[in-house]
Every structure is written in structure tokens, then in C-alpha cells.
Amino acid sequence: MVTQPRASKLFAIAAVCGLAAVTAGCGGDAIPIANPKGPVGLAERDILFRAFLIMLVVIIPVFAMAFWFAWRYRATNKQARYEPDWMSNRIDAVAWIVPTLIVIALAYHVWTSTHALDPYKPLESAGKPLEVQVVAQDWKWLFIYPEQGIATVNEIAFPSGAPLTLRITSDTVMNALIIPALGGQIYAMAGMQTQLNLLADEPGTFVGRNTQYSGDGFADQHFTAKALSEADFEAWVAAAKQAGDTLDATAYAALAKPSSKHPVTYYSSVEPELFVSIIEKYDHGLMTHGAMAAE
Amino acid sequence: MLGRLTIEALPLYSAVAMGGALITVFGTLAVMAVITWFKAWGYLFREWFTSVDHKKIGIMYVTLALIMLLRGFVDAIMMRTQQAIAVNSEGYLPPDHFDQIFSSHGTIMIFFMAMPFLTGLINIIVPQQIGARDVAFPYMNSMSLWLTAAGAALVMVSLVIGKFSTAGWTAYPPYSGIEYSPYVGVDYWIWAVLISGIGSTLTGINFIVTILKKRAPGMFLMRMPLFTWTALCTAILMAFAFPAITVVATMLELDRVAGMHFFTNGDGGNMMMFANLLWIWGHPEVYILILPAFGIYSSVVTTFSSKRLFGYTSLVWATCAIAILSFTVWLHHFFTMGSSANVNAFFGITTMIIAVPTGVKVFDWLFTMYRGRIRFHVSMMYTIAFIVTFVIGGMTGVLLALPPADYLMHNSTFLVAHFHNMLIPGALFGYFAALNLWFPKAMGFKLDEKWGKRSFWCWVIGFYLAFMPLYLLGFMGMPRRMEHYDTAAWQPWLIVAFVGAVLILFGLAFLIVQIAVSFRNRAALRDWTGDPWHGRTLEWAIASPPPPYNFAVLPKVEGLDAFHMMKDAGTAYQRPARYEDIPMPKNSLFGMAIGAFAFVLGFAAVWHMWWLVAASAILCAVIVIIRASSDNTEYVMTAAEVEAIENQRFEDLAKAPPPDLEHIPVGVPGAPIPGTSS
Amino acid sequence: MSDTTAATPAGAEAAHDAERYAEKDFGFWIYLMTDAVIFALLFATYIVLSRGTAGGPTGSDLFSLPHTFGETMLLLVSSTTFGMASLAARAGNRGGVLAWLAITAVLGLAFVGMEIQEFAGMIAKGAGPDRSGFLSGFFTLVGTHGVHVSVGLISIVVMMGQIATKGLTVPVLSRLMRLALFWHFLDIVWIGIFSVVYLPGVL
């Protein structure tokens with residue numbers, strides 16, 4: 001999305017080489033952050049690796065000096081020069097200038113990349129954008145498809161190659177939603193709505209999680225994210241519509257009760273405005289925070 | 001009468017929890033039995049618990065810290081064990097117990113291990129380094145100690161009666177609110193943090209005044225040893241950051257007991273306010289923990305390189321810059337809350353700016369070693385291990401300061417690895433270095449180096465094994481605080497981390513052995529001169545352990561490295577023409593009594609025994625009023641008494657073995673300094 | 001033993017005491033600044049939560065400017081009377097100090113009484129601190145100030161006891177000076193509460 005193809009390739013190679021050494025035996029998919037499946041995750045990862053490389057300018061000399069000085073100037077080595085009052089203003093100045101230059105370079109990256117990768121920013125892509133409303137519950141995830149009129153629990157599907165906009169809230173404590181292979185993450189908070197824009201390059205199945213500790217069922221609060229071809233997605237929606245269950249106020253109240261390892265569930269129809277009513281039930285009066293303002 | 005305290009508060013819900021409770025109870029009983037056996041209660045009470053001597057208070061702080069380090073480490077290795085085995089299974093800990101463990105681990109390590117450790121070190125050393133006879137407010141100092149101990153006792157009691165919080169050491173609402181955490185755990189956290197937090201604020205005030213007002217003649221600000229500078233910055237941060245956690249914990253308690261709506265989901269509450277307030281304290285707190293360690297490393301590196309500190313002025317300014325900047329970065333703890341790109345980018349950049357003064361410090365330490373004569377004392381080894389390891393943690397910190405990278409890594413084990421990488425090499429290794437450096441100053445005998453080095457290697461290798469895999473697991477998408485998981489690819493790395501924890505267990509065991517062995521050999525390890533490492537600052541100018549008044553005659557400071565200059569000029573170890581009377585603060589029961597009633601107050605509040613809360617609050621107030629109204633708090637140590645102590649000191653000096661001049665090209669007692677450059 | 005001393009023992013003692021009091025004053029200033037941090041954060045929280053009325057009463061429904069004006073006057077006048085006490089102390093007028101402190105205490109007590117009355121009225125109207133985030137913020141901010149004033153009142157009583165029994169000794173005068181700082185500090189905080197809480201709430 002933001003990186004030039006060549007730079008991106010270079011860093012991908014650096015990443016793969018570096019990580020391959022430590023993860024011998026593990027498949028690439030076991031390290032989703034290093035092997036992203038969408039442009040957001042890729043861009044976020046590239047920023048991480050680029051900053052890493054920039055910082056090696058300091059790290060490597062520090063390592064070298066720490067070991068070299070310690071060895072060279074050991075007390076038993078009478079060959080080494082000993083100057084107990086030695087001081088050099090020039091070196092002292094370099095000690096300020098080098099980190100300053102590096103931080104200026106990194107600060108530039110912070111500013112540009114934070115704006116480019118604002119999770120609220122809609123993504124540009126050829127495919128038809130899809131919007132899904134997400135509700136964090138104890139200890140599961142509810143996905144509502146306003147356009148398709150369906151809802152699912154612990155499984156989200158979307159067409160690959162098309163922008164996906166998640167509108168996220170919580171009907172319980174604070175949660176945080178991430179799909180590591182695609183990028184992320186953002187908090188889910190009751191009475192508020194946050195947003196995450198993602199895109200999968202190719203069809204595939206990924207893990208999504210809550211990362212914000214939320215109680216006893218936290219460890220099992222993950223879901224399946226399926227990027228499907230356009231046709232497969234249509235078929236998936238059609239299958240969901242066959243499920244028969246309706247997510248009305250009564251069904252929602254039952255679903256919202258705490259439960260662990262909730263099975264994947266499909267609802268063929270959803271009460272209109274359910275998502276808004278979940279937010280509004282925490283009559284907040286605080287609509288000005290960035291979480292809402294960016295809407 | 002007993003509020004909500006019933007027999008069900010006992011940990012009958014789990015065998016592991018019951019075991020922990022029994023160990024706590026029997027451990028306490030065993031210690032009390034030993035003290036009774038040696039008939040030591042009176043001695044402890046008279047000489048220690050009621051003491052207002054900063055050195056004894058400091059030793060008690062460090063003792064508390066070491067005990068709590070053991071407790072916090074037991075939590076850690078229990079978590080590592082659980083995660084090493086809990087793939088596709090429940091492991092041996094139920095979620096409700098695992099959650100308490102990670103919460104108490106963080107709470108203990110921050111509030112009741114690191115805080116008392118650094119406070120104890122500052123207490124022991126800073127007055128000596130500035131040539132003072134005591135801190136500005138010795139009684140308040142004793143009160144701070146006992147408030148900290150009261151907080152630690154509350155956390156320990158939660159093992160036996162009731163449960164501890166499951167909300168993590170940061171206790172984010174709404175999870176920590178009454179709706180989702182109705183039982184006593186969060187209340188234990190709140191009261192432990194509140195009570196000890198007041199102690200920390202008072203310590204901050206105490207040391208700001210001590211350092212700014214009680215310096216010896218000639219000890220100008222830019223002649224203060226770097227450890228004193230870092231202590232000053234830490235004290236300022238303590239005084240001005242701890243009120244924030246007092247406020248935020250009080251609000252959380254008001255939500256919980258008075259039905260208020262500061263941080264609740266509905267009714268006009270705002271949970272984001274909690275995150276902001278908590279981290280307005282929390283980020284300065286990181287530097288409260290690390291800055292004193294920076295000062296320790298500076299002391300160690302200059303002493304054991306036998307060389308003046310490179311870039312002293314830079315180091316001072318870097319310390320001050322870090323202290324100020326630490327108040328400007330709190331939002332980086334929650335980039336993922338949905339703030340606008342401008343806000344996130346701003347806080348990302350302020351965070352990175354801190355890397356500049358920190359980088360300066362690393363270079364200045366390295367160049368202090370350059371052209372030095374480095375002796376590999378245990379404390380120097382910790383310093384070198386720190387420099388190398390800390391830059392890795394600093395680098396991952398800069399990565400997390402990039403908001404887009406943080407979106408990926410927030411709440412993952414990468415974050416866990418990062419802050420342990422800052423706090424173990426950054427702070428704890430520094431405290432261990434200080435323990436090895438200043439132990440003879442506090443206790444009068446040196447620590448055994450052989451066991452110290454064994455402990456060192458276990459800690460360092462154990463650290464790498466325990467935390468480097470967590471970085472990788474972060475890339476593999478593993479969130480923190482997982483009680484179990486079903487991703488088999490994580491397990492090998494979690495087993496490596498477990499092995500690291502086992503090595504650290506040996507490191508800790510060897511540390512205990514080191515202290516025990518040194519105590520047994522204390523006659524051979526006796527420090528007769530008060531200057532065992534050929535130090536440069538004033539604490540080494542006096543006996544080990546120092547007399548109650550530290551300096552019989554206040555030293556005249558001529559420059560940086562005051563004691564080094566005295567040895568150089570041949571003015572060290574001089575008898576004054578005459579001694580004078582010295583007014584000294586009397587021992588006092590007040591601090592301990594306040595701590596005791598604060599503990600009762602906290603315990604009663606946790607269990608909603610409101611009558612007892614009121615009673616203990618009134619008793620605390622009465623004690624304060626009595627204390628604030630009393631004029632007669634000092635006694636005079638006569639010139640004759642001082643002279644007797646000082647005569648003994650000069651006899652001891654004569655007993656010192658001759659120094660190993662071949663390896664130590666710096667001033668030694670009674671000997672002129674060999675040429676200062678070669 | 002006592003032949004050639006630079007400072008006489010009495011002189012040394014006086015210098016030692018003067019240092020002690022200077023340290024105590026400085027420490028008290030820093031304490032006041034830490035207390036100012038507490039109030040600053042309570043103000044910030046109140047401002048953030050002030051819109052979180054949760055459909056309940058707002059400031060304009062609850063606040064009465066005449067009542068608040070009365071509280072303000074009581075506190076401002078009490079600051080002046082404390083100032084008179086300090087002047088009397090400087091003049092060594094023990095009776096004057098006691099009288100002015102008593103007047104200050106009565107004014108402070110009246111202030112606390114008016115605050116309790118206001119709080120009780122609000123709670124009776126169903127606008128207690130558990131009604132909404134706004135009211136939690138309000139009661140906590142204003143209540144914390146009220147608790148400080150109450151602590152100040154107790155301190156004034158203790159101080160009067162000290163002056164009555166010990167007289168205007170150097171340590172007592174030193175404590176009186178710090179108590180005066182505390183009392184004036186609370187006045188300044190109240191001005192902040194008046195301008196941040198009550199004025200915008202009514203206007």
C-alpha cells in the first residue's frame with residue numbers, strides 16, 4: 001500500500017533470511033507477522049523491519065565496542081593505554097549527534113507511516129468493499145453483515161482482493177481485535193465504535209484473536225477469518241442464509257451471556273440496527289473521542 | 001462485623017493455591033519461630049524496626065525487596081511451567097488461578113520488588129554520597145518504609161485470605177470494575193498500591209529535599225555523583241507521578257464501593273480515562289525504576305575502569321532530559337485505542353526522542369571503559385551484560401514506538417519480552433550490581449565473588465533463554481496472558497523460555513548462597529578500610545558500615561569524584577583537631593505504628609469492615625497529630641562518643657591488608673597515587 | 001574542650017534548627033505541589049466526564065450560584081483571617097493568634113457545612129455520585145477539596161492547642177507558617193473549582 005515494490009521485496013528477503021535462521025523447522029504460516037497475507041500487514045511489517053535495519057547503525061557498534069573495550073582494557077593487559085582522566089568533547093558530541101540523526105530518520109517514518117497506515121483509513125482496491133460490524137462478547141466474536149443481513153459467531157468471511165471495513169464495539173470489557181496475518185489491531189470498547197480496514201491478497205484461512213485479557217475464557221477467544229474468492233463468498237453467504245436462526249433481541253441476549261469455545265454459528269437474519277443499539281445501550285454522552293470522531 | 005469475610009475466603013478451591021497459602025503461613029511462622037528462638041525480637045525492635053537511621057531503613061527496604069523477588073519469581077516460573085505444557089490442554093493451573101498469578105507477578109515485581117530495592121539503595125547511599133548525616137525527614141522515611149511493607153503484606157495476605165486480582169498489574173477497567181470482578185482481588189490490588197504509593201510519594205519529597213538542601217560544603221549540583229543525580233530525578237518523578245496512581249486507584253475503588261461511574265461501561269463512565277491516568281503515572285514509573293540503575297552503572301563503570309566518568313555533563317543532562325520526557329509519552333501504551341493518526345504520531349515521536357539521551361548514556365559508559373583498567377568484579381560484569389542486552393530492549397522499544405508496528409505487536413509476547421528486556425537488564429541487573437558494589441558499605445563485609453559470578457551467568461543466560469523466544473512468539477501471533485493455547489508451533493519456544501526460567505531459578509538460588517556464604521566468611525571478607533573497590537565518591541571515605549552520623553566532620557568537597565581527589569591530594573583519612581557534639585534523631589515507633597494501622601485499614605477496606613476502616617484511620621490521624629506536635633525528637637551524641645567511634649575506625653584502617661597495587665592503579669589509603677597518566 | 005570554637009554550641013544549635021525549618025518549609029512546598037497534581041488530575045477527569053450525564057441532571061439543573069458565591073466568600077474571608085493570625089504571630093500576640101485562628105476555623109466550618117448541605121440536597125434529589133460519570137467527577141473533585149478543608153480545620157484546632165499550651169515557640173511558629181500555606185493553597189484550588197465547575201455549569 002505504501003511501500004515501493006522494490007523496497008518491499010528487499011525487506012521481505014531480509015525478513016525471510018533473518019527469521020528462517022531462527023525458525024528452522026517452522027512453516028512460514030506459523031509466523032504470520034513475518035509472512036503477511038495482505039497489504040496492511042505487509043506495510044506494517046516492512047516499517048518494523050526498516051526501523052530495525054536503521055537501528056543496527058547503533059546496535060552493531062555498541063556490541064563491538066562493549067566486547068572490544070572490555071577485552072582490550074582489562075586490568076591484566078598492561079599493553080593497553082591507560083589514561084584515567086581521558087575525555088574527548090568530540091566523541092561526546094558524536095554520542096549526541098548519531099542518536100539524534102537516527103531518531104530524526106525514524107521520526108520521519110513515524111509521521112508518514114502513522115498517517116499512511118491509519119487503521120481508520122479506507123483502502124483502495126479494485127474489489128467491492130465489504131463492511132462488517134463486529135461485537136466483542138465474553139468470550140467470543142459476533143460479526144454482523146448489514147448489507148447481506150446475516151450474522152455469524154466466531155467466523156468471518158470476506159472476498160479476497162476487496163477492502164474489508166470492520167466497525168468494532170464491545171458488549172463487555174475492553175477487547176482488542178487482531179488478525180495477525182492481515183494486520184491490525186484495535187481496541188473494542190463498549191459504547192464506542194472503532195474501525196479497522198484490512199485486505200487479503202489471496203484466498204486463505206487465518207486466525208483472529210482478542211489480545212486484551214478479558215477473563216476466564218480469554219485463552220479460547222479466537223475466530224476463523226476466511227478470505228474467499230468472490231464466488232465462494234457468495235456461496236458462503238447463501239449457506240449462512242440457510243441457517244434459519246434469527247438474531248433478534250431475545251436471541252442476542254442469550255448469545256451475550258458469557259460462554260467459552262462458542263461453536264461457529266450462522267444467523268440467516270439480523271434485527272436491523274442491532275449494532276447501533278448495542279452501542280447506544282451504554283448511553284455514553286462521549287462522542288468526541290477519536291474513536292468516534294474519525295467515523 | 002467481619003464485612004464480607006467468611007470461611008470461604010480460604011483457598012480451598014485449588015490444591016496449588018492451598019499449597020501457596022500453606023507455604024506463606026508456615027514460612028511466616030518459621031521466621032517468627034527462629035526470631036523467638038534467638039530471642040531477637042527486642043533487638044530487632046529496638047535497633048531496626050523503630051530505627052530512623054537511613055542506612056538501616058535502606059537495608060530493611062532491600063531485604064523486603066529480596067523477599068518479594070522470591071515471591072514474584074515463584075509466580076513467574078509457575079506461569080512458564082503452565083505455558084510450557086498447556087498446548088491443547090488445561091495445564092495444571094485453572095484460568096482463575098493463572099490470572100491471579102500474572103497479576104500478582106507484575107504488581108509485586110514493580111511495586112514491592114523494584115520500588116523497595118531502588119528506594120533502599122538510594123536510602124543507604126545518597127546521604128553518604130552528598131556528605132550528609134541523614135535524610136531531611138528521618139521519621140517520614142521510616143513511615144514510607146512501613147507503608148511500603150504494609151502494601152506488600154496486603155499482597156501476601158491475599159494468598160491466604162481471599163484471592164488476588166485477576167485484572168493484571170495495570171487493572172484496566174471495565175474488567176476491574178465491580179460488574180466483572182466482584183470479589184476482593186481488585187480491592188487488594190487497589191489498597192496495596194494506594195498505601196505503598198503514599199509511601200513512595202513521601203520518599204520522593206524526602207529525597208528532593210535531602211539532595212537539594214543537605215549537601216556538604218562544596219558539593220555543588222554539578223559535582224554530585226551521577227547516582228545522586230539519578231536519585232534526584234527519580235525522587236522528582238516519584239513525587240509528581242505517584243499522585244496520578246493515587247488518584248486513579250481511588251477512582252477505581254469509588255466505582256467499586258460507592259457505585260460511581262468513572263470507568264464503567266455505561267452511565268457516563270469513560271474507561272479510556274483510566275488508561276490515560278494510569279500511564280501518566282506508569283511511564284514515569286518506568287524511569288523511576290531505571291534511572292537509579294543508570295546511576296549505579298555509572299558508579300560501577302567509573303570505579304572498576306579506574307577512570308573518571310566519560311561525559312559527566314552529558315550524562316547529567318541526559319538524565320534530566322529522560323526525566324522530563326518521561327511525562328510526555330504515556331499514550332504510546334495504547335496506540336491501539338483509536339486515536340487519530342496525528343495523536344499517535346506525536347506520541348510515537350516523543351517516545352523516540354527518549355532514545356537520544358539513552359543512547360548518549362550507553363556511549364558514555366562505553367567510552368568510560370575505553371583506555372581504562374577494567375577489573376571484572378561481579379558488578380562490572382552486570383554492567384557489561386546490561387549495556388549489551390539493554391540496547392536490544394531499547395531497539396525493540398523503538399520498534400513498538402512506531403504506531404503501525406505497535407498495531408501488530410501490542411498485547412503480544414513481543415511486548416512482554418520488550419519490557420522484561422528493559423526491566424531485568426535495565427533495572428534489576430543494576431540493583432544486583434549495586435548489591436555487590438555497596439554490600440560491604442552497608443554490612444561491613446564483602447560478598448563472595450565466586451558465587452556472585454555463578455549467579456550472574458545463570459541470570460544472564462537464563463534471561464536470554466527466557467525472553468528471546470518471546471520476541472519470536474510475538475511474530476508468531478501469540479498474545480500475552482494465555483492460560484492455554486492450541487497452536488502447537490508455539491510450544492517448543494515456550495519450553496525454551498521455561499528452561500530459561502529454570503536457569504534464573506539457579507541464579508536466584510546462587511544469589512542466596514552468595515549471601516549465606518559471605519555471611520559465614522564475614523571475618524575474612526571484612527572491609528577494614530571502608531573503601532574496598534578504590535572508589536571515587538564520598539561514601540567510600542567513611543567506615544563500613546558507617547557510624548550512625550556518617551561523617552564525624554562534614555567533608556569539604558573540591559570537585560567531582562570528591563573522595564578520589566582527597567586520596568589524590570593526600571587529604572583523605574585525616575583526624576580532625578577535635579570532635580563536636582552531633583544532634584541525632586531518636587528512634588521512633590511512629591512509622592511502624594502508622595504502617596501497621598494502614599495495613600489494618602487496607603485489609604478492612606478490602607473486606608468491607610467499615611467500622612475497622614474508620615477506627616484505623618482515626619488511629620493513624622491521632623498518631624500523626626501526636627508526632628506533629630512533639631518538639632523533642634533529637635538526642636545529642638557527645639563529642640566523646642564520636643571520638644571513641646572514630647578512634648576505633650582508625651584502628652581498623654591500620655588492620656587493612658595491603659592493596660593489590662599491580663592491578664589497581666588508583667589511590668589507596670595512606671599511599672600516594674601513582675602517576676595519573678601513563 | 002571548648003577553647004577555640006568557630007561557633008558557640010548555642011549558635012551551632014540555632015543554625016542547625018534554622019536549617020531544619022528551612023528543609024521542612026521546602027518539603028512542605030513540594031508536598032503542596034504533589035497535592036496540586038492530584039487536583040489537576042481531578043480537574044482533568046471532571047472536564048472529561050462533565051458531558052457524561054447519562055441522561056441525568058446537568059450542572060445547570062443542580063448548581064446554585066448564590067450558594068457557591070457564599071461558599072467562596074467564606075473561604076476567601078477565612079484566608080484573610082488566617083493572614084491576620086500570621087501577622088499576630090509575627091507580632092508575638094498569642095491571644096490575637098488564637099482569636100484569629102478561631103474565627104478562621106468558624107468560617108471554614110461554615111464552608112464545610114454549606115458544602116455538606118449542597119451535597120445532601122443533591123443526593124436527596126437523586127443526583128448522588130452514583131448517578132452519572134459527571135456527578136462522580138463532581139463529587140470527587142469538590143469532595144476532595146472539602147476533605148482537605150476538614151483536615152485543615154482539625155489542624156487549626158491542633159495548632160490552637162499547641163499555641164495555648166506551648167506558646168509561640170519557634171517550632172510552633174514554623175508549623176503555623178506551613179498550615180497557613182496549606183490554607184491559602186486550598187483557597188486557590190477553590191477558585192479553580194469555582195471557575196471550572198460552577199461557572200460553566202451555570203452559564
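The chains referred to below are lettered A, B, ... by the order of the sequence lines, with proteins before strands, and numbering in each begins at 1.
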Under 4.5 Å from a heavy atom of chain A, the part of B/V388 involved: both

Residue pair B/F98 / B/Q83, side-chain heavy-atom distance below 4.5 Å: yes

Aromatic plane relationship, B/F390 with B/F386 - under 30° parallel, 30 to 60° tilted, over 60° perpendicular: tilted

Heavy-atom check, side chain of A/I33 versus side chain of B/M409, under 4.5 Å: yes

Residue, of B/W365, B/F376, B/Y485, that accumulates the most heavy atom pairs under 4.5 Å with chain A: B/F376

Between A/Y282 and B/T264, a side-chain donor and acceptor under 3.5 Å: no

CZ (A/F52) with more than 12 external heavy atoms under 6.0 Å: no

For chain B, the option from A/A70, A/A181, A/A51 that forms the most heavy-atom pairs under 4.5 Å: A/A70

Any donor-acceptor N/O pair, A/R72 side chain to B/Y370 backbone, under 3.5 Å: no

Most contacts with chain B, counted as non-hydrogen pairs under 4.5 angstrom, among A/S214, A/P180, A/P61: A/S214

Chain A contacts, top residue of B/V398, B/T302, B/T396, B/N344 (heavy-atom pairs, under 4.5 Å): B/V398

Over 12 foreign heavy atoms within 6.0 Å of CH2, A/W96: yes

Segment of A/S88 engaging chain B (4.5 angstrom heavy-atom cut-off): both

Side-chain donor-acceptor pair present, B/N411, A/Q212, cut-off under 3.5 Å: yes

A/V134 side chain reached by A/F223 side chain, heavy atoms, under 4.5 Å: no

Largest heavy-atom contact set with chain A, pairs under 4.5 Å, which of B/I392, B/I349, B/D406: B/I349

Options A/I168, A/N210, A/L106, ranked by heavy-atom pairs under 4.5 Å with chain B, top entry: A/L106

Engaged part of A/Y108 at the chain B interface, taking heavy atoms whose separation is under 4.5 Å: neither

Part of A/N89 lying under 4.5 Å from any heavy atom of chain B: neither

B/Y172, part contacting chain A, at a heavy-atom distance under 4.5 Å: side chain

Which portion of A/D171 sits near chain B, non-hydrogen atoms under 4.5 angstrom: backbone

Heavy-atom proximity to chain A below 4.5 Å, by part of B/A86: neither

Proximity breakdown for A/M65 and chain B, heavy-atom pairs closer than 4.5 Å: both

Options A/G184, A/G183, A/A66, A/G41, ranked by heavy-atom pairs under 4.5 Å with chain B, top entry: A/G184

Under 4.5 Å from a heavy atom of chain A, the part of B/I384 involved: side chain

Student check: side-chain heavy atoms of A/Q185 and A/L177 closer than 4.5 Å: no

Parallel, tilted or perpendicular: ring planes of B/F367 versus B/F310, cut at 30 and 60 degrees: tilted

Chain B contacts, top residue of A/G215, A/A176, A/P258 (heavy-atom pairs, under 4.5 Å): A/G215

Residue among A/V94, A/I59, A/T172 with most heavy-atom pairs under 4.5 Å to chain B: A/T172

When B/G477, B/G359, B/S305, B/A401 are compared by non-hydrogen pairs under 4.5 Å with chain A, the top option: B/G477

Portion of A/R74 that has a non-hydrogen atom of chain B nearer than 4.5 angstrom: both

Close side-chain approach of B/F414 to B/L408, heavy-atom, < 4.5 Å: no

Under 4.5 Å from a heavy atom of chain A, the part of B/D96 involved: both

Centroid-centroid distance, B/Y175 to B/Y180, less than 6.0 Å: no

Any donor-acceptor N or O pair under 3.5 Å, side chains B/N342, A/H115: yes

Among B/F334, B/F335, B/F363, residue most engaged with chain A (heavy-atom pairs, under 4.5 Å): B/F363

Heavy-atom pairs under 4.5 Å with chain A, option from B/F304, B/F346, B/Y312, B/F102 with the top count: B/F102

